[in-house]
Student: 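Here it is: the structure, laid out below.
Numbers here simply count residues along the sequence, with the first being 1. Just so you know, these numbers use all the heavy atoms, side chains as well, and skip hydrogens, waters and symmetry mates. Just so it is clear, the model here is predicted, and its values are computed rather than measured.
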Amino acid sequence: MTLTRRTALISAAALTIPALARATETPIARSPGGAILGEGPLWSAPDNTVYWVDIRGKKLNALRLADNSAQSWDMPDLINWIVPRRSGGFLVGILRTVHALTLDPFTLTPLLTIEADQTENRLNDAKVDAAGRLWTGTMHMPFNKKTAALYRIDADLSLHRMDAPYLCTNGPAFSRDGRRMYHNETAENLVYVFDMAPDGALSGKRVFTHFAPDVGSPDGLTVDADDGVWVAHYNGGRISRYTPDGKLDFDVAIPAKQVTSLTFAGAGLDRLFVTSAAQPPVDADDRHAGALWEVPKSLLHGHKGLPTNAFAG
């Protein structure tokens with residue numbers, strides 16, 4: 001079934017976004033707060049736009065960098081991530097099903113369902129590698145059973161279960177040469193690194209870094225052009241950069257506690273955007289919880305991102 005603008009759900013709404021300001025030493029809110037579970041930021045170079053989702057709010061959001069305008073679309077269920085397709089449009093993960101998405105005109109077409117028998121699980125986080133393969137994981141929504149796994153989806157939409165078990169998968173990201181993949185078990189405060197073969201096979205799983213309990217839990221991550229690994233600290237109010245050998249390089253405080261993910265963006269890939277959440281309980285002084293943030297360039301130490309990969313199917 002294909003959902004159209006009429007039969008589906010879309011409500012495109014203009015959001016009030018703060019005007020672009022000069023970079024300071026403090027990250028700047030680029031959207032209003034209040035996203036229940038802001039996640040999965042995606043840099044789309046063809047339309048000069050940062051997309052991100054509010055999983056529990058069931059919304060897809062867009063910030064157009066050319067004029068700082070914003071748009072939001074309602075979704076039929078939990079929208080967990082968005083990635084681009086080489087053939088045009090996007091793929092999105094909605095609950096446990098991967099859909100093809102176009103925005104103009106709006107269409108939403110289911111392609112395949114993952115873990116259909118695991119009704120307490122949902123999709124969580126996704127990235128595309130340089131070969132055009134989609135990597136996504138699942139998580140246990142009650143957050144108390146290790147029934148989730150990491151999957152690879154090839155261009156022909158074949159599904160491959162790559163690693164298990166997990167309680168909450170998060171992250172996937174790839175080294176500049178495509179020979180390493182980073183992936184999190186958020187529930188255990190672990191960031192793993194795998195060796196990745198040209199055909200997408202994984203081996204050599206090992207701990208890249210282990211978060212101490214007082215710095216939050218590892219959530220979304222990305223890799224920069226110097227092979228540094230940037231990780232969002234959920235309930236830690238910060239993002240951190242690690243060197244390729246797993247040593248902490250530096251961190252940046254974010255004015256929201258529930259920091260969820262991040263992406264480099266812009267024509268020079270020298271702007272960094274960070275998502276956050278406002279899941280209960282939210283601290284009374286966390287008034288910007290759920291905002292999309294931009295980290296000033298002065299805090300990036302000159303680092304830039306890698307181009308966004310698109311799904312080959």
Student: Got L78 and M141 here, is their nearest side-chain heavy-atom distance under 4.5 Å?
Tutor: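 Sidechains of M141 and L78: in contact.
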Student: Is the side chain of D249 donor-acceptor paired with the backbone N or O of T243 at a distance under 3.5 Å, no angle test?
Tutor: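 Checking the backbone N and O of T243 against the side chain of D249, no donor-acceptor pair under 3.5 Å is found.
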Student: If you round to the nearest 0.5 Å, how far is OG of S217 from CG of L190?
Tutor: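 If I round to the nearest 0.5 Å, the distance is 10.0 Å.
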Student: Would you say that V274 contacts P27 through its side chain, given a criterion of any heavy-atom pair below 4.5 Å between the two side chains?
Tutor: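 No, side chains not in contact.
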Student: Would you give the length of the straight line joining atom CD1 of I254 to atom OG of S276, rounded to the nearest 0.5 angstrom?
Tutor: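 Separation between the atoms: 8.5 Å.
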Student: Would you check if there is a donor-acceptor pair between the side chains of S158 and D156 at a distance under 3.5 Å?
Tutor: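 Present: a donor and an acceptor within the cut-off.
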Student: In this structure, would I82 and I94 fall into the same cluster of hydrophobic residues linked by side-chain contacts under 4.5 Å?
Tutor: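 Yes, I82 connects to I94 through the hydrophobic network.
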Student: Would the W81 and Y51 ring centres measure less than 6.0 Å apart?
Tutor: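 No, the ring centres sit 6.0 Å or more apart.
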Student: What verdict does the salt bridge (charged side-chain N to carboxylate O under 4.0 Å, His left out) test give for D195 and R206, after you've listed the backbone C-alpha separation in whole Å, the side-chain angles of each residue and the deciding distance to 0.1 Å?
Tutor: CA-CA 9 Å; D195 298 316; R206 55 204 181 272; 3.1 Å; yes
Student: Would you kindly confirm whether I153 and M196 end up in one hydrophobic cluster when ILVMFWY residues are joined by side chain heavy atoms under 4.5 Å apart?
Tutor: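 No: no chain of side-chain contacts under 4.5 Å links I153 to M196.
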Student: Would you sort out whether T186 and N184 count as a side-chain hydrogen bond (donor to acceptor under 3.5 Å, both in side chains), showing the intermediate values?
Tutor: CA-CA 6 Å; T186 296; N184 298 341; 4.9 Å; no
Student: Can you give me the closest heavy-atom contact between E185 and L167, atom names plus distance?
Tutor: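 Heavy atoms only, the tightest pair is OE2-N, 2.7 Å.
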Student: What's the spacing between F174 CZ and T222 OG1 if we round to 0.5 Å?
Tutor: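 Reported to 0.5 Å precision, the distance equals 10.5 Å.
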Student: Can I239 be reached from F211 by stepping across I, L, V, M, F, W or Y side chains whose heavy atoms are under 4.5 Å apart?
Tutor: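 No, separate clusters.
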Student: Taking R85 for the side chain and G313 for the main chain, is one N or O donor matched with an acceptor at less than 3.5 Å?
Tutor: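 Yes, because the side chain of R85 sits within donor-acceptor range (under 3.5 Å) of the backbone of G313.
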Student: Is there side-chain contact between D54 and L37, with heavy atoms separated by less than 4.5 Å?
Tutor: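 Counting from C-beta outward, D54 and L37 do come under 4.5 Å.
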Student: Given 3.5 Å as the limit, does a donor-acceptor pair link the side chain of N48 with the main chain of L65, or not?
Tutor: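 Checked: no pair found.
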Student: So, do Y151 and L123 sit near enough that their side-chain heavy atoms are less than 4.5 Å apart?
Tutor: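 Y151 does not reach L123 side chain to side chain.
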Student: Between T169 (side chain only) and T138 (backbone N and O only), is there a donor and an acceptor less than 3.5 Å apart?
Tutor: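 A pair under 3.5 Å: yes.
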Student: So with a 6.0 Å cut-off around CZ of R179, is the heavy-atom count from everything else above 12?
Tutor: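 Not buried by this count: 12 neighbours or fewer within 6.0 Å.
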Student: Indicate whether the side chain of R64 and that of Q71 have a donor and an acceptor atom separated by less than 3.5 Å.
Tutor: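 Looking only at side-chain atoms, Q71 and R64 do form a donor-acceptor pair, the distance falling under 3.5 Å.
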Student: Closest approach of A256 and H288, non-hydrogen atoms and distance?
Tutor: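 Between these two residues, the closest heavy atoms are CB-O, 4.2 Å.
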Student: State, to 0.1 Å, how close T260 and G38 come at their nearest heavy-atom pair, and which atoms those are.
Tutor: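 Of all heavy-atom pairs spanning T260 and G38, the closest is OG1-O, 2.6 Å.
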Student: Tell me if the aromatic rings of W52 and F273 count as close, with their centers under 6.0 Å from one another.
Tutor: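 Ring-ring flag for W52/F273: false, centres at least 6.0 Å apart.
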Student: Any side-chain heavy-atom pair from F90 and L42 closer than 4.5 angstrom?
Tutor: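 Yes. Closest side-chain heavy atoms under 4.5 Å.
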Student: Kindly indicate whether the side chain of H183, heavy atoms from C-beta on, has any atom under 4.5 Å from the side chain of W135.
Tutor: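 Counting from C-beta outward, H183 and W135 never come under 4.5 Å.
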Student: Answer yes or no: does atom CZ of R238 have more than 12 heavy-atom neighbours from other residues, nucleotides or ligands under 6.0 Å?
Tutor: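 Yes, CZ of R238 has more than 12 neighbouring heavy atoms, counting only those of other groups under 6.0 Å.
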Student: Side chains of V215 and N189: does their closest heavy-atom pair fall under 4.5 Å?
Tutor: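 No, their side chains stay 4.5 Å or more apart.
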Student: Under the side-chain contact (heavy atoms from CB on, under 4.5 Å) rule, what do C168 and N124 come out as? Steps first, then yes or no, please.
Tutor: CA-CA 8 Å; C168 180; N124 193 52; 3.9 Å; yes
Student: Flag yes if V282 and V259 sit in one hydrophobic cluster, no otherwise; membership is Ile, Leu, Val, Met, Phe, Trp, Tyr, and two members link when side-chain heavy atoms are under 4.5 Å apart.
Tutor: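 V282 and V259: separate clusters.
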Student: For L63 and N68, what are the C-alpha separation, side-chain angles and deciding distance, and is it a side-chain contact (heavy atoms from CB on, under 4.5 Å)?
Tutor: CA-CA 6 Å; L63 175 65; N68 208 38; 3.5 Å; yes
Student: Once you round to the nearest 0.5 Å, how far does CG of L91 lie from OG1 of T109?
Tutor: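 Answer for the CG-OG1 pair, L91 versus T109, is 10.5 Å.
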Student: For L108, is there any backbone N or O sitting under 3.5 Å from a side-chain donor or acceptor partner on H99?
Tutor: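 No.
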Student: Quick check: does any side chain N or O of S175 sit under 3.5 Å from a backbone N or O of R180, one acting as donor and the other as acceptor?
Tutor: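 Yes.
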Student: Do you know the tightest heavy-atom contact between D286 and Q258?
Tutor: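 That closest heavy-atom pairing would be OD2-N, 4.4 Å.
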Student: If you round to the nearest 0.5 Å, how far is CG of L300 from CZ of F250?
Tutor: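 Answer rounded to 0.5 Å: 7.0 Å.
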Student: Please report the interatomic distance CD(E294) to CZ(R30), rounded to the nearest 0.5 Å.
Tutor: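 One gets 4.5 Å once the value is rounded to the nearest 0.5 Å.
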Student: Taking NZ, NE, NH1 and NH2 as the nitrogens, is one of them in D77 or R122 under 4.0 Å from a carboxylate oxygen of the other?
Tutor: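 R122 and D77: not salt-bridged.
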Student: Going by an N to O cut-off under 4.0 Å, is there a salt bridge joining K127 and D129?
Tutor: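 Between D129 and K127 there is no salt bridge, as every charged N stays at least 4.0 Å from the carboxylate O atoms.
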Student: For N121 and T147, indicate whether the former's side chain and the latter's backbone hold a donor-acceptor pair under 3.5 Å.
Tutor: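 Judged by distance alone, yes, a pair lies under 3.5 Å.
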Student: Grab the two heavy atoms, one from T275 and one from L292, that are nearest each other, plus how far apart they are.
Tutor: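 What the structure gives for the nearest pair is CG2-CD1, 3.9 Å.
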Student: Identify the residue among N80, I79, N170 that makes a side-chain contact (heavy atoms from CB on, under 4.5 Å) with E39.
Tutor: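 Testing E39 for a side-chain contact (heavy atoms from CB on, under 4.5 Å) against N80, I79, N170 leaves exactly one candidate, N170.
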Student: Would you name the heavy atoms of A173 and V223 that are closest together and state the gap between them?
Tutor: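 Taking every non-hydrogen atom into account, CB-CG2, 3.9 Å.
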Student: Determine whether H140 and K146 satisfy the following criterion, side-chain contact (heavy atoms from CB on, under 4.5 Å), listing intermediate values before the conclusion.
Tutor: CA-CA 7 Å; H140 187 245; K146 295 188 75 168; over 6 Å; no
Student: When hydrophobic residues are tied together by side-chain contacts of less than 4.5 Å, even through go-betweens, does L262 share a cluster with W293?
Tutor: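 Same cluster.
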Student: Count the heavy atoms of every other residue, nucleotide or ligand shown that sit under 6.0 Å from NZ of K145, and state whether that count exceeds 12.
Tutor: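 Count not over threshold, so no.
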Student: Are any of the side-chain heavy atoms of L60 and S72 separated by less than 4.5 Å?
Tutor: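 Of all side-chain heavy-atom pairs linking S72 with L60, none is under 4.5 Å.
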Student: Can you tell whether the side chains of D74 and K59 come within less than 4.0 Å, N to carboxylate O?
Tutor: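 Yes.
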Student: List the steps and the verdict of salt bridge (charged side-chain N to carboxylate O under 4.0 Å, His left out) for D224 and R241.
Tutor: CA-CA 9 Å; D224 64 34; R241 182 186 189 271; 2.7 Å; yes
Student: Distance-only, no hydrogens or angles: does the R161 side chain make a donor-acceptor pair with backbone N or O of A149 under 3.5 Å?
Tutor: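 Not a single qualifying donor-acceptor pair exists.
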Student: Can you check whether G216's main-chain N or O pairs, donor with acceptor, with H233's side chain at less than 3.5 Å?
Tutor: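 No, the answer is negative, given that no donor and acceptor are paired below the 3.5 Å cut-off.
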